[in-house]
Amino acid sequence: MDKIVSLCKRRGFLFQSSEIYGGVQGFWDYGPLGVELKRNLKDAWWQDMISSHNELLVPANAPTEFEMVGLDCTIIMHPQVWKCSGHYDLFHDHMVDCKESKKRYRFDQIRGRWCSRGEQRIFVTTMAEAEQEEDEVRRRGMKYFKLRAKNADELTIEKESLTFDQIQERELVLAPDAKSLDTLTEPREFNLMFKTTLGALGGEADVTFLRPETAQGIFVNFKNVVDTSRVKIPFGIGQVGKSFRNEITPRNFTFRSREFEQMEIEFFCHPDQSKQWYQYWRDRRLKWYTELGLSDEALIMREHHVEELAHYSVGTADIEYAFPFLPEGEYGELEGIAHRGDFDLRSHMEGKLDPNSPEGEPMQVELNEHGKPKYKGSGKDLSYRDPITNERFIPHVIEPSAGADRAALAFLCEAYTEDKVPDDKGELQERTVMKLHPRLAPVKAAIFPLVKKDGMPEIAKDIYSELKKHMNVFYDDKGAVGKRYRRQDEAGTPYCITVDTDTLNDKTVTIRDRDSLEQVRIKIDDLGSELGDRLS
């Protein structure tokens with residue numbers, strides 16, 4: 001993982017936000033290569049899910065044909081949206097404070113191991129990444145017991161790594177930045193939404209929030225879309241946009257950030273067909289990642305246990321990826337596919353629904369101490385009338401919700417490869433190559449003149465100018481061709497085109513494949529169509 005982070009900084013994929021001022025934890029900037037990668041990822045999602053969808057055909061394994069449309073909602077919405085959605089009351093993480101260091105930690109992210117010296121046993125915690133955990137626990141354990149290096153064998157460290165929430169004897173816990181035991185407070189809830197104010201006065205009545213998800217903008221626009229687009233159920237609304245969560249301990253590079261981008265679909269269907277559509281979207285979304293290059297071995301589909309489900313959810317499954325910063329055998333969430341039932345539309349119609357409603361019965365509106373709705377809904381009718389059967393019902397919703405930043409990170413991790421290739425003399429040399437799928441690669445092709453004379457640069461520049469109209473390409477005439485290949489391999493460029501002495505005679509160029517290293521001659525006039533076929 002350290003090598004991947006280093007490459008991302010060195011080649012301009014990702015930078016720490018406000019780095020010259022020491023950075024801001026949990027915020028990341030995408031550099032010249034990173035912004036192209038992320039744009040390509042979002043474009044691939046939008047094209048595959050929305051713009052190229054054919055509503056006249058029944059896709060493979062789908063119950064019926066369906067329509068897809070797009071939306072782009074505001075980041076700041078009416079504060080009542082977040083009260084009716086449940087975020088205002090329920091969108092919390094549990095945190096603990098250290099009374100000694102005055103630092104705050106997310107309850108379930110403090111990891112550690114039991115350490116013993118003689119009869120004394122303590123639980124030593126750390127916030128280090130998984131691969132550094134044992135070394136950091138050993139260092140802190142030796143410091144606590146005042147052991148020197150020559151006495152290191154007096155310290156026994158248990159193999160099992162545990163999180164703080166699994167520990168019962170909390171008086172024996174050494175907090176991540178503490179010197180004494182038992183300094184962590186009891187866990188308490190911490191709201192993850194960023195507050196902001198509307199208007200110039202900024203009083204309590206003007207408080208609202210930066211959206212923690214894009215989904216609610218789709219739900220409150222459900223009626224607008226139905227009325228203006230003539231869509232019929234089943235149909236989906238897709239949206240790509242920024243969301244914000246005030247994470248207590250952002251970590252693991254861009255995996256857990258405070259500002260991130262989501263690619264979400266809210267798919268509206270008849271309640272009787274919702275289970276079939278849930279299965280359809282689970283399978284389709286998993287297949288999308290493998291088609292773009294994530295390996296089957298590194299992906300799992302994990303169905304949530306009943307106790308994990310959100311208060312509204314009928315069922316939820318996570319597509320998870322084996323990120324290299326996680327311990328072996330552990331996976332991190334890439335995308336959630338949730339069967340949300342009719343919770344969202346009903347909440348925005350009637351008022352916030354009570355998650356503690358009797359099991360097996362429809363959720364009831366949560367009431368305050370006066371017997372009135374705790375948070376009033378809009379009062380607007382968000383039901384749907386089938387134009388053929390005349391049946392009126394509140395649609396059920398299937399939500400495939402993907403993180404663009406997490407997906408970009410997964411594809412970067414998957415693409416990072418170290419191998420050996422022959423140089424000009426046939427000797428094997430180590431290289432670092434980003435084997436990104438051509439659809440995602442920031443630069444599609446690089447154009448080189450073999451030497452800077454004999455008219456080769458002029459021909460190469462003409463090729464560059466023509467291809468630049470259709471795709472992102474790069475021109476490079478600095479250094480030996482072998483070094484230029486290596487630079488493009490690190491950037492993930494799938495094809496390199498070289499203008500050489502033969503080009504002057506037969507109007508052909510060499511096109512080199514990044515992964516196979518195969519080199520073939522192509523006529524200049526055929527380059528556009530050849531690259532188009534290879535990149536599609």
Side-chain angles (χ1 to χ4, degrees), residues 1-2 5 16 23-28 90-115 122-141 157-178 181-194 212 243-260 302 304-305 307-308 310 318 320-334 336 403 405-406 409-410 413:
M1 195 66 210
D2 290 340
V5 173
Q16 177 77 52
V24 184
Q25 191 181 20
F27 296 90
W28 297 90
L90 301 170
F91 199 57
H92 299 86
D93 267 345
H94 285 88
M95 67 177 187
V96 291
D97 292 311
C98 179
K99 293 174 281 189
E100 180 183 314
S101 68
K102 309 303 180 187
K103 291 188 177 181
R104 178 173 291 164
Y105 311 97
R106 183 165 147 175
F107 179 51
D108 59 350
Q109 288 184 348
I110 305 174
R111 304 179 71 95
R113 304 188 188 199
W114 285 103
C115 298
I122 65 171
F123 186 75
V124 179
T125 66
T126 177
M127 296 301 292
E129 304 296 350
E131 56 267 29
Q132 284 96 39
E133 180 186 304
E134 185 172 359
D135 290 340
E136 180 65 8
V137 167
R138 185 179 304 279
R139 184 191 68 79
R140 298 196 67 230
I157 300 176
E158 296 182 14
K159 289 294 183 184
E160 187 178 12
S161 174
L162 301 169
T163 51
F164 179 63
D165 55 318
Q166 297 174 284
I167 304 301
Q168 300 298 321
E169 307 96 320
R170 293 180 182 168
E171 70 279 2
L172 301 180
V173 171
L174 181 66
D177 299 282
L181 301 179
D182 196 19
T183 62
L184 294 174
T185 63
E186 285 298 308
R188 58 192 179 94
E189 290 186 340
F190 177 73
N191 196 294
L192 296 178
M193 289 195 292
F194 280 103
S243 295
F244 304 83
R245 295 182 184 179
N246 197 11
E247 295 284 355
I248 299 165
T249 51
R251 58 193 307 221
N252 291 332
F253 203 20
T254 59
F255 180 78
R256 193 174 296 282
S257 303
R258 289 177 168 135
E259 177 182 334
F260 54 95
R302 187 181 70 85
H304 283 206
H305 299 297
E307 60 270 17
E308 291 182 273
D318 286 344
E320 298 183 339
Y321 178 73
F323 288 96
F325 51 74
L326 296 172
E328 187 174 353
E330 291 191 15
Y331 297 80
E333 182 187 347
L334 265 186
D405 303 272
R406 287 190 179 183
L409 179 59
C413 293

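For clarity, every value in this text was computed on a predicted model and none was experimentally measured.
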**Request:** Report the residues that fulfil side chain to side chain donor-acceptor pair (under 3.5 Å) with Q109, sequence neighbours left out, ordered by chain and then residue number.
**Result:** T249
**All salt bridge (Lys or Arg N to Asp or Glu O under 4.0 Å) counterparts of E186, not counting sequence neighbours** = R170
**Message:** Checking R140 now: which residues fulfil salt bridge (Lys or Arg N to Asp or Glu O under 4.0 Å) with it, not counting sequence neighbours?
**Reply:** none
**Asked** Are any of the side-chain heavy atoms of W114 and I122 separated by less than 4.5 Å?
**Response** no
**Asked** Who pairs with E169 by side chain to side chain donor-acceptor pair (under 3.5 Å), at least two apart in sequence or on another chain?
**Response** none
**Prompt:** Between D97 and K99, is there a side-chain N and carboxylate O pair less than 4.0 Å apart?
**Reply:** no
**Fill in**
All heavy atoms of N246 vs all of F190, minimum pair found to be O-CE2, 3.4 Å
**Message:** Using only atom types and a distance under 3.5 Å, with no angle test, would you say the side chain of R245 pairs donor to acceptor with the backbone of F194?
**Reply:** no
**Message:** Among residues at least two apart in sequence or on other chains, which ones pass salt bridge (Lys or Arg N to Asp or Glu O under 4.0 Å) with E333?
**Reply:** none
**Message:** Which residues pass the salt bridge (Lys or Arg N to Asp or Glu O under 4.0 Å) test with E189, not counting sequence neighbours?
**Reply:** none
**From R256, R104, R258, residue fulfilling salt bridge (Lys or Arg N to Asp or Glu O under 4.0 Å) relative to E247** = R256
**Prompt:** Do F255 and F253 have their ring centres less than 6.0 Å from each other?
**Reply:** no
**Item:** E134 bridged to R113 by N-O distance under 4.0 Å
**Value:** yes
**Test: E330 and R111 ion pair at under 4.0 Å** = yes
